[in-house]
Amino acid sequence: MPVAAFQRLPTGARVFLILSIALLPLALIALFATLQTTRTVDVETRARLRVAGVEASRALANELVGDLTALRVALRAIDSDARDAPSCARVQGIFAQQSAAGIRFQVADATGRLLCGAELPVPVPAPTDPSQLKITLLPSEGLLVHLPDAPNGSRADAFFPKQVLADVARPSGFVPPYAAQLTRTDEVPLELQPLARRGPLDRRETLVVPLGFDDLSFAMSVRSAPITSPVLVAMLLPLLMWAAAAGIGWFVVDRLLIRPLRRLRTSVAAYTPGEVIGSVDYGVVPAQEISDLAETFEAITRTVQQHETNLADGLVRQTKLTREVHHRVKNNLQVIASLINFHARSASSAEASEAYAAIQRRVDALAVVHRHHFAELEENRGLELRAVIGELASNIRATAPEHAARMGITIDVEPLLVSQDVGVAVSFLLTELVELAMMVNPATQARISAKLASVEAEQVVLRVSSPALVESAELSALVASRYGRVLLGLSRQLRAPLHHDPLVGAYEIAINARSAR
């Protein structure tokens, strides 16, 4: 398993996997020991089977070879002289001992006339090749042997009953039950000794020994050590112990560590600052260290709750203090504006009155920003640019001189929010630009617009346009002598260049703001 995949597994799965891998060699050792014991029994059984099988096949081969050799000698003698009674009597004497058990033989001439022996109890098929030894397996009767025909056409056949062959092939002193068969390739075997099966778990050891003639073989089978319930339990017990050990190890770790930690993590994840983590049910037997850790968390949350309360109280006091400061600043600016207005009324000349009005417009610009900032102090969303510019335009018209009474200011501002620093600079910038237009042409019209240019970059294009701002000698003189340096300083404070379009009569700058929608 790759390391990355292992690391993604839950801790319980990791513990179970590690315990399984660690305990698997012990389980395999125990399993191999059990298998080796079974294998040793099988080796002993196989050795006994080899001895008994070789003995039985040798006895069977000797019996068949001896009888067939005697029959072959008699066949040749009788084929040379059909009246050779001694040869017939000799072979009858050899078969006399087996005749009681059912062994029969016959010697016949080319016409089928019986010359020696007796009729066989089974039908004798015509051989496909009379010149070859032919052994026929009769599964229900026994073994039928046809000797090669003699030169004059005489033939000899012998029949060996199944029971006789089974008795001959029975090994001496072999106690366990066994199965014996005479087999040949692609033929139904001749079963000499049956051995019933004991179900699907019956195992057998089989030995096949060639008899040395006509591809005939002797097969002997015995039961191996049976796979009984105790054997299966002995084989599976190491694996069961391995699985049980891994499962018990995982269960203990899960109950002592993993499950309490998981519940503690859930409690910590649901924690809200200012609250106290309550008691958690960690199960019956959680680890003492986890209980101590939970108590530590609870103590920490109590401390955090106390600190949160203190911070909240301090924030309330700080908000009240800030509100008081802004209120005093706003009142002071209003007092200053009132004093300037009072002195303007008592001015001895129009130039002095206009100078006082110019100062008052700038004080009003700062007062407007402070007033709106004080109003938004609780939510701290920022200054509403449209409201600030609207009130600023009203103050400019209110402080305009008599000869500029016909001047109009149009506002097209989207709902936008700006910071206090940006609001102060914008207020002063608009005051300077509108006053500049008013100084060039007191009866001119001015238009102030603010459009959101880029939502992602939070860029707003602030634009002041007026026919009075079209390039002219008077405009150039005012910019060079009085307004130019102020406008340059304010644009630097806004960190953006102030562009002038002399043909249209407009000043434009990009400021940082965000939509209020």
Side-chain angles (χ1 to χ4, degrees), residues 333 336-369 385 388-413 422-450 461-494 496-509 511:
L333 290 174
I336 293 173
S338 300
L339 291 175
I340 293 174
N341 187 27
F342 175 76
H343 285 285
R345 291 177 183 177
S346 61
S348 58
S349 63
E351 291 79 3
S353 296
E354 290 182 5
Y356 279 120
I359 296 173
Q360 186 175 2
R361 281 191 290 271
R362 286 153 181 79
V363 173
D364 286 342
L366 185 58
V368 167
V369 174
L385 190 61
V388 172
I389 295 177
E391 187 174 347
L392 182 65
S394 299
N395 291 340
I396 292 175
R397 292 199 58 188
T399 58
E402 294 182 0
H403 61 274
R406 295 173 54 191
M407 181 180 180
I409 301 176
T410 304
I411 298 175
D412 182 15
V413 180
V422 173
V424 170
V426 167
S427 298
F428 282 134
L429 180 65
L430 293 179
T431 302
E432 296 294 331
L433 291 174
V434 174
E435 184 177 295
L436 176 61
M438 186 173 58
M439 289 300 178
V440 175
N441 184 3
T444 189
Q445 300 293 315
R447 185 174 186 272
I448 302 175
S449 65
V461 176
L462 182 66
R463 181 183 178 90
V464 178
S465 58
S466 174
L469 299 179
V470 176
E471 184 67 32
S472 64
E474 187 177 0
L475 177 66
S476 300
L478 289 173
V479 170
S481 63
R482 176 177 176 183
Y483 292 94
R485 286 180 294 178
V486 177
L487 294 176
L488 180 60
L490 292 173
S491 66
R492 288 178 177 175
Q493 185 176 348
L494 291 172
L498 180 64
H499 300 285
H500 178 221
D501 189 344
L503 299 178
V504 177
Y507 278 89
E508 186 177 277
I509 190 172
I511 63 175

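Remember, predicted model here, so these are calculated numbers, not experimental data. Starting from 1, each residue takes its place in the sequence as its number.
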Worksheet item: Quick one: side-chain hydrogen bond (donor to acceptor under 3.5 Å, both in side chains) partners of S394, sequence neighbours excluded?
Response: none
Worksheet item: Partners of A446 by side chain to side chain contact (heavy atoms under 4.5 Å, CB included), sequence neighbours excluded?
Response: M407, S466
Fill in: Intermediate values then yes/no, side chain to side chain contact (heavy atoms under 4.5 Å, CB included), V426 and V388
CA-CA 10 Å; V426 167; V388 172; over 6 Å; no
Fill in: Heavy-atom side-chain contact between V464 and L429 under 4.5 Å
no
Quick one: side chains of residues 481-490, donor-acceptor pairs under 3.5 Å with protein atoms, not counting sequence neighbours, listed by atom name and distance.
residue, atom, partner, partner atom, Å
S481, OG, A477, O, 2.8
R482, NH2, E435, OE2, 3.3
Y483, OH, E435, OE2, 2.7

Item to complete: State, with a plain yes or no, whether a side-chain heavy atom of N395 is found less than 4.5 Å away from one of T431.
Response: no
Practice prompt. Kindly compute the distance separating CG (L385) from CD1 (I511), expressed to the nearest 0.5 Å.
Written response: 5.5 Å
Fill in: Within 6.0 Å of CZ in R447, more than 12 heavy atoms from elsewhere
yes
Fill in: Minimum-distance pair of heavy atoms, taken over all atoms of S491 and L498
CB-CB, 4.0 Å
Fill in: Pair listing, salt bridge (charged side-chain N to carboxylate O under 4.0 Å, His left out) test, anchored in residues 422-433, at least two apart
R362-E432
Worksheet item: By side chain to side chain contact (heavy atoms under 4.5 Å, CB included), which residues pair with P442, not counting sequence neighbours?
Response: H403, A404
Discussion item. Quick check for you: to the nearest 0.5 Å, what is the distance between L469 atom CG and T444 atom OG1?
Written reply: 7.5 Å
Which atom pairs, one a donor and one an acceptor, fall under 3.5 Å between side chains of residues 501-509 and the rest of the protein, sequence neighbours left out?
residue, atom, partner, partner atom, Å
D501, OD1, L503, N, 3.3
E508, OE1, R463, NH1, 2.9

Discussion item. For the CG atom of L462 and the CD1 atom of I389, what is their distance to the nearest 0.5 Å?
Written reply: 5.5 Å
Worksheet item: With sequence neighbours left out, what residues match Q445 under side-chain hydrogen bond (donor to acceptor under 3.5 Å, both in side chains)?
Response: none
Worksheet item: For L478 and M439, which heavy atoms make the closest approach, and how far apart are they?
Response: CD1-CB, 3.7 Å
